Every structure is written in structure tokens, then in C-alpha cells.
Number of protein chains: 2
Amino acid sequence: MIGKNNQTVMYTELQCLRNLAAIEDALYVLGGKWKLRIVIALVSGYCRFNEIQRTIKGISARVLSNELKDLELNGLVERVVQANQKPVIVEYIATEYAQTLGDIIAALTDWGYEHKRKLTQHPEADVKRSVVI
Amino acid sequence: MIGKNNQTVMYTELQCLRNLAAIEDALYVLGGKWKLRIVIALVSGYCRFNEIQRTIKGISARVLSNELKDLELNGLVERVVQANQKPVIVEYIATEYAQTLGDIIAALTDWGYEHKRKLTQHPEADVKRSVVI
DNA sequence: GTTAGTAGTAACTTTTAGGTTACTACCTCA
DNA sequence: TGAGGTAGTAACCTAAAAGTTACTACTAAC
């Protein structure tokens, strides 16, 4: 009952289970607090370690380091060491494959904007309620 | 450098920060292991508590209960109590607002399918490597 | 000569998310 | 009459994620 551009689409039971599996795969790679934020920072052109850390407020060096390794393992980020420079400079580059995340990032970003707009316009709408028939 | 339908789009620094904020808002509501899975189950027509728990493998009653409350607070789920029935029957219904998640769910599902296809086709591609220049 | 930047890592602690078990109270079916 | 389904909750526990602090080793600027 949901689909692209908010068209109504029915899922059969089998499709529902397959979609659950697919979204599970996607969230396995992209889930967690930081992964998508890092990808956004990378595709926006930030590529140095400290630069990324400064851009993404709140992330620690340890976590950023681990997340970048994960993303590299999944083929979304390439680590480029410029050994000729002194001090040695490391760049993290979003791969071509990371470009395939465009739809996900755009959809999440759009929804986030709209959701915030909704919250600030009708704050009273978000009150917990149960409908009793 | 990324956007809808994988079109190349540049982000300015300001846009990058705004996108980071928007995706933060979206992930605040939708993040975590279960939220999107639950929404998928709901829009697929599963609406009873135990039914949802059976559909989403691995979720416990405690977690499902908490997640449904969160989703209700954010206006994505409506809790409908049919008090005339014995035993009392409770239905969880995806709200109209939940339909706005269509693009996100579709994008994540598509990407999950493709990513799995990629992994099974070229498993050797996912080897950690750093490029040293 | 001290402060800040380069890219991290190791060891440790805290936080949070999620899992487990047991329980309610009522109903239906075999 | 007890097994299973209805929708949960309370208390407790574990495991994973994330945060903190300190440190390397070298460079450049003030």
C-alpha cells in the first residue's frame, strides 16, 4: 500500500517478506548512527579525516575511523594515501558505487526537511492517542 | 555530487550541513534496527500485535511494544482498540502520513536488492584495499 | 618553544539498545 | 482441563555501540 512517489501499491505476503529482507540488507550496510552522514560528507567533497570529523558534529575519531573501514569494506569509500606529501595525507573518496545511494539520501533528506516543517507548523498534532471504537 | 536518479549534483558547504541536519531528523524518527521494518509490515497489511511480531523475525514483544509507541508519537501509526470484541482486539494502522515514507522505503528496498545481487555476482570485489599514490 | 594540525590507535568506561523470562487476565478449542 | 491465542508489561541482564582520554611522530606557524 505504499511505493515510489507515494503511489498506492499492494504488497503480497511474499513481496512483503522479500522487501523486509532487502531493507535488512540495506540497513546492514547503511544502518547505525553515522554511516549515511559520512557518505553525505564525502559526496559533498569533504575528504580529509579531521575535516570530516569537524563537519559531522559529535563523532569521535575512534568511531569515524571504524565507520570509514566498514564503508571501505563495502565498497562505498576508497582510501587514498598520498605518500609523497609531508606529512602524509590521506583522502577518503566516495566510490562510483556510492553514487547509487543517491536515491536513498535524497529520499531521506527530503523527508527529514518535510518532517521538521510539519513539526514546527503543527506541534500539537504529535500527541499520543489511541482510538477506541 | 549525488542526487535523485543518480544525477550528479554538487552540494555547497551550507547545503551539505543542511542535508546533514535533515538526514539527522529523518534518522531520529526512522533509525534503529526495527522502525522501518515495522512500517513495511504495517503497510503490507499486518496490523495485529502478535501478527507483526511473527512477521518480523527476531523482534521481542518488549521491543515491538516500545517501537510502536515511538511510531505512534511521531504520527506514523495509529493504535485502534476494538473494545466491543472479546477478547479486546488492538489494531495498528499506518497513518496517511506514513505513506510519505514511500520514497524512502522504495529507495532502500531497491538498493538492498541491487546490493545483494552485486555481492553474489562479484564477491571478490569486496576486498579491503587502500590506494597508495 | 609552545601551540596547532596531519591521521589515526589503544585502553578504558559509559550508554543504550535490545534480549530473556516470567507474568497478567481473559477467551476458545480440543 | 490444559494448551494456545489475545495484547501486552515489569524486572532484569547482556552485548554492542559509542564516548573519553591519552598517546604517537612528524610539520608548520607564531
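By convention in this document, chain letters (A, B, ...) are assigned in the order of the sequence lines, proteins followed by strands, and residues within each chain are numbered from 1. This structure is a prediction, so every number in the text was calculated from the model and none was measured.
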Practice task
Using the six-membered ring wherever Trp is involved, compare the ring planes of H115(B) and Y97(A) and label them parallel, tilted or perpendicular (cut-offs 30° and 60°).
Solution key: parallel
Exercise for the section: For W34(B) and for R48(A), locate the closest nucleotide of DNA chain C by heavy-atom distance; then report the residue assigned to the nucleotide nearer the 5' terminus. Expected result: R48(A)
Exercise for the section: Mind calculating the distance between OH (Y46(A)) and P (dA7(C)) to the nearest angstrom? Expected result: 15 Å
Problem - Spacing of L64(B) atom CG relative to dA7(D) atom P, expressed in whole Å - result: 10 Å
Exercise for the section: Whole angstrom is fine here: how far is it from CD in Q53(B) over to P in dG19(C)? Expected result: 11 Å
Practice task
Send over the distance from R54(B) CZ to dG5(D) C1', rounded to a whole Å.
Solution key: 9 Å
Exercise for the section: Considering just the side-chain nitrogens and oxygens of K69(B), establish if one lies under 4.0 Å of OP1 or OP2 belonging to dA7(D). Expected result: no
Exercise for the section: Figure out the CD/P separation between E51(A) and dT6(C), and round it to whole Å. Expected result: 8 Å
Completion exercise
With the side chain defined as heavy atoms from C-beta on, F49(A) is closest, among dG8(D), dA7(C), dG19(D), to dA7(C)
Exercise for the section: Return the value, rounded to whole Å, for the distance between atom CD1 of I38(B) and atom P of dA17(C). Expected result: 14 Å
Problem - side-chain N/O N50(A) vs dG5(C) OP1/OP2, d < 4.0 Å - result: no
Exercise for the section: With the side chain counted from C-beta on, respond yes when L108(B) and I104(B) share a heavy-atom pair under 4.5 Å apart, and no when they do not. Expected result: yes
Practice task
Round to a whole Å and report the spacing from CD of Q82(A) to P of dG8(C).
Solution key: 12 Å
Handout entry: Flag if over 12 foreign heavy atoms under 6.0 Å of CD, E51(B)
Key = yes
Handout entry: Residues E72(A), K69(A): salt bridge by 4.0 Å N-O rule
Key = no
Practice task
Examine dG8(C): is either OP1 or OP2 under 4.0 Å from a nitrogen or oxygen in the side chain of S65(A)? Give yes or no.
Solution key: no
Handout entry: Sugar-phosphate, base or nothing in reach of S60(A), heavy atoms under 4.0 Å
Key = base
Practice task
Evaluate the side-chain proximity of I23(A) to N19(A): yes if any heavy-atom separation is below 4.5 Å, no if none is.
Solution key: no
Exercise for the section: Scan R62(A) against the nucleic acid and name what it touches under 4.0 Å (heavy atoms): base, sugar-phosphate only, or nothing. Expected result: base
Exercise for the section: Starting from P on dA18(D), measure out to CD1 on I59(A) and report it in whole angstrom. Expected result: 8 Å
